[in-house]
Amino acid sequence: MLLSQESPPLEAPPETSNTKTKTILNLLQGCNTLKKLHKIHACVITAGLLNHPAISTKLLNFCAVSVSGSLLYARLLFYQIHNPQIDHWNSIIRGFSRSSSPIQSIFFYNQMVSIPTRSRPDTYTFSFVLRACERVILPLADSKRKEVHGTVIRSGYDRDFVVCTNLMRSYAGNGSIENARKVFDEMPARDLVTWNSMISCYAQAGFHYEALKTYDLMRIENVGVDGFTLVGLLSSCAHVGALNLGIEMHRLARESGFLNRNIYVGNALIDMYAKCGNLEAALSVFDGMKKRDIFTWNSIVVGYGVHGRGLEAIEFFRKMVMEGVKPNSITFLGLLCGCSHQGLVQEGVKFFNLMLSKYNIKPEIKHYGCMVDLLGRAGKLKQALDVINSCPSQNDPVLWRTLLGSCKIHKNVEIGEIAMRNLVQLRASNAGDCVLLATIYGEVNNADGVSAMRKMIKSQGIKTTPGWSWMEINDQVHKFVVNDISHPDTNEIYMKLREVIQEVTLLGYVEEDSMSLVSLKGFSGEGYCWGNGSYHSEKLAIAFGISRTPVGTCLRITKNLRVCRDCHSFTKFVSKAFNREIVVRDRVRFHHFKDGECSCKDYW
DNA sequence: GTAGGGTTAG
């Protein structure tokens, strides 16, 4: 009931309509609870002022938009207003667009546009309804978005920065990054927010290369940068390992004053440096920050963790807790990752237990994955199996796949078969898993096992993740895939590669061809590169890097899969033969190659 | 009076 009998008017009705209006507007001004609003609403009805434009707008706005409002109430109120005006429509559409039921927003928009004599949508209406489309995940939202887009164009709002930004985000948020780009390209002019949004749309969709390319265009158009630009670009630099561009962002941040003013920028810088393999620089930014939040601490803990420097990650964790910052589930991912790569089994187990007992953080599947990796890597395969069995969602193929990976390191057929059986049962086994188990069989000279895996792959059809490597030279990011011939300097790269192979062969490099799994050659199984005799993307990147950078320059490579044994051995030899430090960031960790050795100590 | 952009993990 809107007119509760227990809600008497707040004061005696004013005498004239004008004073009534003023009194009610004053009351609305001070209204901060729904209860007070109930009473004011009752007054409004008694005074017959519900259709007074200022009053109804304020009433509705409070219900639909303010934190103490109620959308249910807003909807009832809306239907009491005769001939709602643009402000009313915008209020109700705005309110629902950010609610848990954004579809209602579209519903009201539909009503609004269904009768042409009603208010026409304006720039605000479009912004709100597009936000609603972005949040509704039904396929229907797609056609709605296109329809709204059409209306936007027909009504001339396609020149409006804000509407177009909303359109872009709405498209990108639903997987249609091409349409987002199309909107961007077709705008007659763009402001800084539009550029930043394009970058963040790309970054959030995982198109980091395109995000960085957008910055090239930005430079040409001279639009400048702000903190948002820097953060978006730094995140993409971190993802693709573009250190030089990241350093350029750092310089811009320093010069423009954002470094000290904006905690986001500092946080993104720490993450970028850590992900690009330069922990010292990450630490220096960290040390220089006046204020630190959970992102700052997590970035440094995770940074040390993925570099396999578990003890230091633990040290940062201690400092963070001492400074009163509460760790979250990501902090523990960093810790467990660090423990796993440094073989700190006891510490890892301790932190895993601490999560729930002390910090009330429920371990998620990723944390279980770290534990399986920690124990499995250390050869405690039975315990790793127990962890999977204790996990609430033991039906996750990733856990079994991690265990299978550990079985490969320790050549354990028995538990490897258990892992594979579970993967098959979950209908999740892929070619990469077969390759892993086949490797284990091969290493214990089990020819039948190898042959069974070969059959399994044939019957399933090979489904693999294509491997790629990024490398940045002079602010340009170069991407290579296996046996790549798309690079403009392909001939030069292959010539250099053959030369490099000759050099390292003189030092003792032998291309690994351990398994005689002829039918598997050249494939990249999910998680691990596989195959010999083919030119893996990092070999091409290394050859390119050697030919294009001065002697002694460190080569930094980022790849999407794990390094295969052959490439790992190759890179060690190259680091010695050419006196180069080579930093390879693979899917799970960093490898620092120097003087023929790798920081992972051949344990990855 | 109402609208658009950012970081870790995934």
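What you see below is based on every heavy atom in this structure, not just the backbone, and it leaves out hydrogens, waters and symmetry mates. In this text, all values refer to a predicted model and were calculated from it rather than measured experimentally. A note on names: the letters A, B, ... follow the listed sequences, proteins ahead of strands, and every chain is numbered from 1.
In this structure, the CG atom of Leu167(A) is 18 Å from the P atom of dA3(B), given to the nearest Å. The nearest whole Å value for the distance from the CD1 atom in Ile270(A) to the C1' atom in dA9(B) is 16 Å. If you measure from atom OH of Tyr124(A) to atom P of dA3(B), you get 8 Å, rounded to the nearest angstrom. For the pair Tyr215(A) OH and dG6(B) P, the interatomic distance rounds to 19 Å; values are reported in whole Å. Look at CZ on Arg587(A): it is 14 Å from P on dA9(B), rounded to the nearest Å. Atom-to-atom, CE of Met272(A) to C1' of dT7(B) comes out at 12 Å; the value is rounded to the nearest Å. Arg98(A) has its CZ atom 9 Å from the P atom of dG4(B), to the nearest Å. Atoms CZ (Arg159(A)) and P (dG4(B)) sit 22 Å apart, rounded to a whole Å.
Side chain of Asn267(A), nearest nucleotide from dG4(B), dT8(B), dT7(B): dT7(B). Each of dA3(B), dA9(B), dG4(B) was ranked by its minimum atom distance to the side chain of Asn166(A); first place goes to dG4(B). Of the candidate nucleotides dT8(B), dG6(B), dT2(B), dT8(B) has the atom lying nearest to any side-chain atom of Ser299(A). The nucleotide whose nearest atom lies closest to any side-chain atom of Asp87(A) is, among dT2(B), dA9(B), dG4(B), dT2(B). The side chain of Asp160(A) lies closest to dA3(B), out of dA3(B), dT2(B), dG6(B). Among the nucleotides dG6(B), dT2(B), dT8(B), the one closest to the side chain of Phe295(A) is dT8(B). Closest contact between the side chain of Tyr264(A) and the listed nucleotides dG4(B), dT8(B), dG6(B) involves dG6(B). Nearest nucleotide to the side chain of Asp122(A), out of dT2(B), dA9(B), dA3(B): dT2(B). In this structure, of dT2(B), dT8(B), dG6(B), it is dT8(B) that holds the atom nearest to the side chain of Asn298(A).
Residue Gln204(A) is classed as a sugar-phosphate contact, given heavy-atom separations below 4.0 Å to backbone atoms only. Looking at heavy-atom distances under 4.0 Å, Asn328(A) makes no contact with the nucleic acid at all. Nucleic acid contact class of His239(A) (heavy atoms, under 4.0 Å, all strands): sugar-phosphate only. Using a 4.0 Å heavy-atom criterion, one finds that Gly227(A) contacts the bases of the nucleic acid, with or without backbone contacts as well. When heavy atoms are screened at a 4.0 angstrom cut-off, Ser197(A) is found touching the sugar-phosphate backbone but no base atom.
For the 3.5 Å distance criterion, the side chains of Asp287(A) and Ser284(A) fail to qualify, holding no donor opposite an acceptor. Side chains of Ser127(A) and Asn166(A): a donor on one and an acceptor on the other come within 3.5 Å. Using modelled atom types, one finds a donor on one side chain and an acceptor on the other under 3.5 Å when comparing Thr331(A) with Asn328(A). Defined by atom type and a distance below 3.5 Å, a donor-acceptor pair is missing between the side-chain atoms of Ser329(A) and His367(A).
Within the 3.5 Å criterion, the main-chain N or O of Ser97(A) finds a donor-acceptor partner in the side chain of Arg135(A).
With hydrogens and angles ignored, a donor-acceptor pair under 3.5 angstrom links the side chain of Asp191(A) to the base of dG4(B). Side-chain atoms of Thr194(A) come within donor-acceptor range of the base of dG4(B), with a qualifying N/O pair under 3.5 Å. You won't find any donor-acceptor pair under 3.5 Å spanning the side chain of Ser329(A) and the base of dA9(B), going by distance alone.
Neither OP1 nor OP2 of dT8(B) sits under 4.0 Å from any side-chain N or O of Thr296(A). Contact between the side-chain N/O atoms of Lys366(A) and the OP1/OP2 oxygens of dG10(B) is found at a separation under 4.0 Å. Residue Arg94(A) places none of its side-chain N or O atoms closer than 4.0 Å to OP1 or OP2 of dG4(B).
The environment of Lys326(A) atom NZ is dense: over 12 non-hydrogen atoms of other residues, nucleotides or ligands sit within 6.0 angstrom. For Phe352(A), the CZ atom is densely surrounded, since the number of other residues' heavy atoms within 6.0 Å is greater than 12.
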